[in-house]
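One structure coming up, written as C-alpha cells, with questions to follow.
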Amino acid sequence: MPNDEFQWIQQLTPDRHVQKHVIEGIGDDAAVFGTESGYYQLLCVDTMIENVHFKKKTMSPEDIGHKALAANISDIAAMGGIPVFYVVSIAVPSTWTDEELHGIYKGMSNIADTYQMDMIGGDTVSSPHELMVSITVYGKVEQDASLVRRNARPGDYVFLTSPTGRSAAGLELLLKKGRLSDFNDREKALIACHQRPIPHVQAGRAAAQTKARIALNDISDGLASEAFELAEASNVILELYKDQIPIAAELRLYSEKDCWNWILYGGEDFVLLGTVSPSDWPRLQEAMKQQSIETYWIGEVKEGSPHVMLTDQSHTKILQKSGYNHFRPT
Ligand SMILES: Nc1ncnc2c1ncn2[C@@H]1O[C@H](COP(=O)(O)OP(=O)(O)OP(=O)(O)O)[C@@H](O)[C@H]1O
Ligand SMILES: Cc1ncc(C[n+]2csc(CCOP(=O)(O)O)c2C)c(N)n1
Ligand SMILES: [Mg+2]
Ligand SMILES: [Mg+2]
Ligand SMILES: [Mg+2]
C-alpha cells in the first residue's frame, strides 16, 4: 500500500485530457464537464472485488484494471453509445503493493486510450481484507438511437455478436492451474477472453447507426440470464435454436456438458445479445459487416409470458434464469 494517500492520488493524475468537454478533472471536490447537444447522456457503474471477480491467481493487476473498465464500457456498448469519461473508486488492503496498484491503473489507462476516454476523478480508501475497484463510466448516444432492453417484439430475430463461453472456460483453467502455469495456444486464447475481454463498442455503434428498433444487452451473467432479462423487459418469449448458437473453435475439444454449460451460463463474455425485426436484419448485418463484425442469428421472439426456450431439433425446453447471481454464487 502507498504510504501517503494524497501523494498517491497526485501521481496518478493525468497531465492532460483527450476529451475537450472536461472543465475540471482530478483535483477538486467534483469533476466538471460540458455536454453536447443532440446526444443523450449515459451513466453506469460496475464493481469488481477480490475473490468474487478475480484472485491474484487468476488475474494480474493490469488484467484487473483492464477488465474493470472493459465491463463498464461494455454496458455503454449495449446502449449503442460512445464511452467518454470514467471515475474510479478503489479500496486497498495493506497487502497490495504500490507496483500492483500502478498495474491496475495502467490496465485501465491502456484500454481507456483505445477509446479516447479520460479519467476525471475517483476515491481512495483502505480496506481490511480484499481489494475492490468500482468504476463509473459516462458516455453518450445520439438521441435518435434506442437500443433499450424493452425493445423486443414478437416476430423479431435474436442475434449475438460473438460466440459465448470462452471466458468461463478460461476461468476454469486459471482456477485449476494458476495464471503463471504453462498453457497451450488454445488455452491461452480462452484465458485472454477471461482476463482481457474486448467490449463490443463498434457493434453497438453499428446497431445504433441503423436507427432501427433494436433491443440490446451485454452478456455479463451468461447468455441464458441476459436473454431472460430481454424477455422480461419486453414482456416476450425468446426462443433460441441450439444448432444456431455458435460454438467457439477453442471449446470444441471439451465435453458436450462443459461446453454448453459455459456457453449458456458462464458469463463475463461481454459480447452483445440483441433482437431486431426481420426487415431491419439485413441492414444490421450489413452495418456490422462494414466494421468486420460477424452477427449470429440464434433465435426468434415469440408472444407470451416472459421466459427463454431452447429448441434442439424438435425438442423444446425452458431455460432457467441460471447464470451468475451474486446472492446465489455456485
Ligand atoms: N445497488 C443498486 N442500486 C440501484 N440500482 C441498481 C443497483 N444494482 C443494480 N442496479 C440497477 O439495476 C439494473 C440492472 O443492473 P445489473 O448490474 O444487473 O446490470 P449490468 O450492469 O448490465 O449487469 P452486470 O452488473 O452483471 O454487468 C441497472 O439499471 C442498474 O443500474
Ligand atoms: C475468482 C473468480 N471466481 C468466479 C468468477 C466468475 N464471476 C464472478 S462475477 C461474474 C458475473 C459478472 O459479474 P457482475 O455481475 O458483477 O458484472 C462471474 C461469472 C470470477 N470472475 N473470478
Ligand atoms: Mg451492473
Ligand atoms: Mg449490462
Ligand atoms: Mg451481474
Side-chain angles (χ1 to χ4, degrees), residues 40-61 63-81 83 86-87 89 91 107 129-139 141 147-151 161 164-180 190-201 204 215-234 258 261-274 321-330:
Y40 283 138
Q41 321 306 317
L42 305 171
L43 195 61
C44 58
V45 58
D46 262 319
T47 302
M48 290 201 350
I49 188 154
E50 191 174 0
N51 294 323
V52 173
H53 295 87
F54 61 85
K55 291 176 185 284
K56 285 194 173 177
K57 183 182 181 182
T58 62
M59 306 261 283
S60 73
D63 296 333
I64 295 165
H66 170 102
K67 189 164 171 179
L69 188 49
N72 275 286
I73 295 172
S74 175
D75 278 325
I76 299 288
M79 301 301 283
Y86 63 105
V87 293
S89 169
H129 299 297
E130 279 136 338
L131 184 128
M132 182 217 69
V133 53
S134 180
I135 305 183
T136 300
V137 167
Y138 162 82
V141 66
L147 304 177
V148 292
R149 292 180 186 178
R150 63 170 184 277
N151 260 350
T161 58
T164 56
R166 281 180 287 203
S167 170
L171 172 63
E172 191 156 319
L173 289 166
L174 288 164
L175 287 172
K176 254 187 215 145
K177 292 172 64 178
R179 66 183 171 89
L180 301 174
L190 295 170
I191 286 169
C193 288
H194 182 77
Q195 295 175 327
R196 304 272 175 131
I198 299 168
H200 283 204
V201 175
L216 209 57
N217 203 357
D218 69 316
I219 299 190
S220 53
D221 301 328
L223 175 57
S225 179
E226 308 289 346
F228 200 92
E229 283 182 349
L230 286 178
E232 272 187 322
S234 298
D258 281 348
N261 201 22
W262 291 325
I263 289 173
L264 295 173
Y265 309 114
E268 297 184 293
D269 302 294
F270 302 110
V271 307
L272 302 177
L273 170 71
K321 195 189 177 180
S322 40
Y324 201 87
N325 184 318
H326 280 284
F327 295 161
R328 269 190 270 133
T330 47

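All ligand and atom numbering here is 1-based and tracks the order in the structure.
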### Message
Using modelled atom types and a 3.5 Å cut-off, is there a donor and acceptor pairing between side-chain atoms of Asn72 and backbone atoms of Asp46?
### Response
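Yes.
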
### Message
Lys67 versus ligand 2: do any nitrogen or oxygen atoms come within less than 3.5 Å of each other?
### Response
no

### Message
Name the residue from Met48, His53, His66 that meets the side chain to side chain contact (heavy atoms under 4.5 Å, CB included) definition with Met59.
### Response
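That would be Met48.
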
### Task
Calculate, to the nearest 0.5 Å, the distance between atoms CD and CD1 belonging to Glu229 and Ile219 respectively.
10.5 Å

### Task
List the closest protein heavy-atom neighbour of atom 15 (O) of ligand 2: residue, atom name, distance to the nearest 0.1 Å.
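Protein heavy atom with the smallest distance to atom 15 (O) of ligand 2: Asp221 OD1, 3.0 Å.
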
#### Entry: side chain to side chain contact (heavy atoms under 4.5 Å, CB included) assessment of Ser220 paired with Glu226
CA-CA 8 Å; Ser220 53; Glu226 308 289 346; 3.1 Å; yes

### Task
Without swapping roles, check the side chain of Asn325 against the backbone of Phe327 for a donor-acceptor pair under 3.5 Å.
yes

#### Entry: Atoms in ligand 2 with a heavy atom of Gly266 nearer than 4.0 Å
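Atoms satisfying the 4.0 Å criterion: 19 (C).
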
### Task
Measure from the side-chain N and O atoms of Asp63 to the backbone N and O of Ser60, and report whether any donor-acceptor pair falls under 3.5 Å.
yes

### Task
Heavy-atom distances under 4.0 Å are what count here, so tell me which part of Met48 touches ligand 2: side chain, backbone, both or neither.
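It is neither part, as no heavy atom is under 4.0 Å.
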
#### Entry: Any donor-acceptor N/O pair, Lys57 side chain to Leu175 backbone, under 3.5 Å
yes

### Query
Is Thr164 reaching over with its side chain to a backbone N or O of Gly266, donor-acceptor style, under 3.5 angstrom?
no

### Task
Record the part of Val52 in heavy-atom contact with ligand 2 below 4.0 Å; permitted values are side chain, backbone, both and neither.
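For Val52, only backbone atoms sit under 4.0 Å from ligand 2.
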
### Task
Identify, for atom 14 (P) of ligand 2, the protein heavy atom at the shortest distance, and state residue, atom and that distance.
His326 NE2, 3.4 Å

### Task
Check the pair Ile76 / Val201 against side chain to side chain contact (heavy atoms under 4.5 Å, CB included), numbers first and verdict last.
CA-CA 8 Å; Ile76 299 288; Val201 175; over 6 Å; no

### Query
Short N/O distance, under 3.5 Å, between Thr47 and ligand 2?
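Such a contact does not occur with ligand 2.
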
What short N/O contacts, under 3.5 Å, does ligand 1 make with the protein, listed by atom pair and distance?
residue  : atom   : partner : partner atom : Å
ligand 1 : 21 (O) : Asp46   : OD2          : 3.4
ligand 1 : 21 (O) : Asp75   : OD2          : 3.3
ligand 1 : 22 (O) : Asp75   : OD1          : 3.0
ligand 1 : 22 (O) : Arg149  : NH2          : 3.3
ligand 1 : 23 (O) : Ser220  : OG           : 3.4
ligand 1 : 25 (O) : Asp46   : OD1          : 3.0
ligand 1 : 26 (O) : Ser220  : OG           : 2.6
ligand 1 : 26 (O) : Asp221  : OD1          : 3.0
ligand 1 : 26 (O) : Asp221  : OD2          : 3.2
ligand 1 : 27 (O) : Ser220  : OG           : 3.0

### Query
Do ligand 2 and Glu268 have nitrogen or oxygen atoms that lie under 3.5 Å from each other?
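The answer is yes, given that Glu268 and ligand 2 share an N or O pair closer than 3.5 Å.
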
## Note on the structure
atom 1 (C) of ligand 2: closest protein heavy atom, distance to 0.1 Å, is Lys55 CG, 3.8 Å

### Task
Anything protein N/O/S under 2.8 Å from the Mg ion (ligand 3)? Just list residue and atom, please.
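Correct list: Asp46 OD1.
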
### Task
May I ask you to list the atoms of ligand 2 that are less than 4.0 angstrom from any heavy atom of His194?
21 (N)

### Task
Kindly determine whether Glu232 and Lys321 satisfy side chain to side chain contact (heavy atoms under 4.5 Å, CB included), including the steps that lead there.
CA-CA 11 Å; Glu232 272 187 322; Lys321 195 189 177 180; 3.9 Å; yes

### Task
Using the side chain to side chain contact (heavy atoms under 4.5 Å, CB included) rule, take Asp218 and Val271 through it: C-alpha gap first, then chi angles, then the decisive distance, then the call.
CA-CA 6 Å; Asp218 69 316; Val271 307; over 6 Å; no

### Task
Say whether, by atom type as modelled, one donor and one acceptor occur between the side chain of Gln195 and the main chain of Thr58 under 3.5 angstrom.
yes

#### Entry: Check: Ser167 side chain, Glu268 main-chain N or O, donor-acceptor pair, under 3.5 Å
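Yes: the side chain of Ser167 pairs with the backbone of Glu268.
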
#### Entry: Under 4.0 Å to a heavy atom of Ser220 - the qualifying atoms of ligand 2, by number
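Those atoms are 11 (C), 12 (C).
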
### Task
Examine distances only and state if a side-chain atom of Glu50 and a backbone atom of Glu130 form a donor-acceptor pair shorter than 3.5 Å.
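Absent.
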
### Arg179 side-chain N/O to Lys56 backbone N/O, donor-acceptor pair under 3.5 Å
yes

